[in-house]
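Proteins come first, then strands; the chains are lettered A, B, ... in the order of their sequence lines, and each starts at number 1. Keep in mind the model is a prediction, meaning the values are calculated, not measured.
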There are 2 protein chains.
Amino acid sequence: MLNNASKTYSISELAEEFSITARALRFYEDKGLLTPSRHGQTRVFSAADRARLRLVLRGKRVGFSLDEIREMLDLESITSDSPQHLGLWLKRFRTRINALKQQRRDIDDAIEELETGCAWMEARQADLEPSEELKSRARAFEALSRARLEH
Amino acid sequence: MLNNASKTYSISELAEEFSITARALRFYEDKGLLTPSRHGQTRVFSAADRARLRLVLRGKRVGFSLDEIREMLDLESITSDSPQHLGLWLKRFRTRINALKQQRRDIDDAIEELETGCAWMEARQADLEPSEELKSRARAFEALSRARLEH
DNA sequence: TATTACGTTTACGTTAACGTCAAGAAAAGA
DNA sequence: TCTTTTCTTGACGTTAACGTAAACGTAATA
């Protein structure tokens, strides 16, 4: 515990580091996601707060709502909960995992399609004049994407 | 073109098939994402409309807004556009791709964490009585997750 | 001392993506 | 023909995640 665990951060420091606004940080506190201590009236964020924030933002990126994120962060509540509650959480976790896996497949598909689009645009950009040959290539691309639409 | 390309769908058929509401479908039309033909006043969706809808929903799943999805679906407009506009779209595609790749990494991390959580809960569920040994395991888990919080 | 920077709370505004009536037309089955 | 179902077009309501503005306190700096 001799590391930088005792370092503290102001609201604007954290805001800049994570490219969010101070308003968002205050909002997260209102929602119970963060609980920074106070020096007088001013918020003081610890290293733990910063770590929680990192998890919050990652949760957001993968599509969790702030409410869901808060619930997941409160793993302590699971630790001391009833077996029924435990089973409920297990189900929710599994559901989440499946949704995430589906999302990953969708993302892979989307990336592929976007890269196809990029390649096509680059090829088109390489030529300066829109020749007839290009127009036929364009038509080919359209046919391709149309083909992909079916099925 | 002898396939089922001529099959048509009612609004509720499509709604049920994709587990969305008729309201959503009308909304997508308002937004210019779908353009079903009409039989009198009633909407008639073609196979192409259905295919576009599939793409819309996939776009949604990976985090695109409806506006973005509509722009991407209108690839025709790119086909006949200026080189500057082409470059703009190229940039936007690349930005999207990077965002998607980051999102993929986040999802992988999230899945891992959730699966760790599942494993822990299952292990805990296996025992009926919360023994002392379990409590120590719980503490170990907490320490572990705390450790992961740092850095 | 005056200004600038940074912080606070309170509260109303905004956008996206629909939900939810209301009120009526049209088609399908009994 | 009567009834039920499915469809239509408004139009207002809702939720999440902040944005934005007001009005003020405090602290460092010129």
Side-chain angles (χ1 to χ4, degrees), chain A residues 7-46 49-50 52-74 92 96 99 103 106, chain B residues 7-46 49-50 52-74 92 96 99 103 106:
Chain A
K7 189 176 184 195
T8 63
Y9 308 83
S10 78
I11 192 170
S12 51
E13 279 172 353
L14 273 194
E16 187 178 9
E17 176 176 358
F18 291 98
S19 301
I20 58 179
T21 65
R23 174 71 177 94
L25 284 166
R26 297 194 191 99
F27 185 74
Y28 295 157
E29 183 182 5
D30 276 4
K31 282 276 178 172
L33 292 169
L34 301 174
T35 49
S37 53
R38 301 291 176 118
H39 174 245
Q41 250 196 157
T42 304
R43 271 165 263 253
V44 177
F45 293 85
S46 69
D49 291 324
R50 178 162 162 273
R52 276 179 79 96
L53 175 59
R54 196 189 296 281
L55 292 181
V56 168
L57 296 181
R58 192 164 83 199
K60 282 198 55 179
R61 281 199 295 273
V62 297
F64 290 102
S65 76
L66 295 187
D67 278 355
E68 290 171 317
I69 293 171
R70 188 198 42 221
E71 293 179 61
M72 297 183 52
L73 284 176
D74 295 346
R92 295 176 69 175
R96 246 326 148 188
Q103 209 175 335
D106 291 334
Chain B
K7 188 175 182 195
T8 63
Y9 308 83
S10 79
I11 192 170
S12 52
E13 278 173 354
L14 273 193
E16 187 179 7
E17 176 176 358
F18 291 99
S19 300
I20 58 180
T21 66
R23 175 71 178 94
L25 283 167
R26 298 194 190 99
F27 186 75
Y28 295 158
E29 183 181 5
D30 277 3
K31 282 276 179 172
L33 293 169
L34 301 175
T35 49
S37 53
R38 300 295 174 114
H39 174 244
Q41 251 194 155
T42 305
R43 271 164 263 252
V44 176
F45 293 84
S46 68
D49 292 323
R50 179 161 161 273
R52 275 179 80 96
L53 175 58
R54 195 190 297 281
L55 291 180
V56 168
L57 296 181
R58 191 164 83 199
K60 282 198 53 182
R61 282 200 294 273
V62 297
F64 289 102
S65 75
L66 294 188
D67 278 356
E68 291 171 315
I69 293 172
R70 188 197 42 221
E71 293 179 61
M72 298 182 54
L73 284 178
D74 293 347
R92 296 176 68 177
R96 247 323 149 190
Q103 209 175 333
D106 290 337

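Partners of B:Ser65 by side-chain hydrogen bond (donor to acceptor under 3.5 Å, both in side chains), not counting sequence neighbours, listed by chain and number: B:Glu68. Under the side chain to side chain contact (heavy atoms under 4.5 Å, CB included) criterion, B:Glu13 pairs with B:Tyr9, B:Ser10, not counting sequence neighbours. Under the rule for a side chain to side chain contact (heavy atoms under 4.5 Å, CB included), the partners of A:Phe27 that lie at least two apart in sequence or sit in another chain are A:Arg23, A:Lys31, A:Leu66. Legend: residues meeting side chain to side chain contact (heavy atoms under 4.5 Å, CB included) with A:Ser37, ordered by chain and number and at least two apart, are A:Val44. When the salt bridge (Lys or Arg N to Asp or Glu O under 4.0 Å) test is applied to A:Asp49, no partner is found at least two apart in sequence or on another chain. By the salt bridge (Lys or Arg N to Asp or Glu O under 4.0 Å) test, A:Glu16 pairs with no residue at all, sequence neighbours left out.
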Which atom pairs link the protein and nucleotides 9-13 of chain C when you take only N or O atoms and keep those under 3.5 Å?
| residue | atom | partner | partner atom | Å |
| --- | --- | --- | --- | --- |
| C:dT9 | OP1 | A:Arg38 | NH1 | 3.2 |
| C:dT9 | OP2 | A:Arg43 | NH2 | 2.1 |

Please list, for nucleotides 15-17 of chain D, all pairs of protein and nucleotide N/O atoms separated by less than 3.5 Å.
| residue | atom | partner | partner atom | Å |
| --- | --- | --- | --- | --- |
| D:dA17 | OP1 | A:Leu66 | N | 3.1 |
| D:dA17 | OP2 | A:Leu66 | N | 3.4 |

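For the atom pair CZ (B:Phe18) and CZ (B:Arg50), the distance works out to 5.0 Å, reported to the nearest 0.5 Å. Annotation: the span from B:Leu34 atom CG to B:Tyr28 atom OH amounts to 8.5 Å, rounded to 0.5 Å. Rounding to the nearest 0.5 Å places CG of A:Asp106 at 11.0 Å from CZ of B:Phe64. The CD atom of A:Glu71 sits 10.5 Å away from the CG atom of A:Leu33 when rounded to the nearest 0.5 Å.
Residues A:Ala22 and A:Ala15 approach most closely at N-CB, 4.0 Å, considering heavy atoms. Smallest separation of non-hydrogen atoms from B:Gly32 and B:Arg70: O-CG, 3.7 Å.
Proximity of residues 10-21 of chain B to DNA chain C (heavy atom under 4.0 angstrom from any strand atom) is restricted to B:Thr21.
For the helix from C:dT1-D:dA30 to C:dA30-D:dT1, the angle separating the two terminal helix axes comes to 10°, with each axis derived from five pairs and the value rounded to 10°.
If B:His39 and A:Thr42 are placed on DNA chain C by their nearest nucleotide, the residue sitting closer to the 5' end is A:Thr42.
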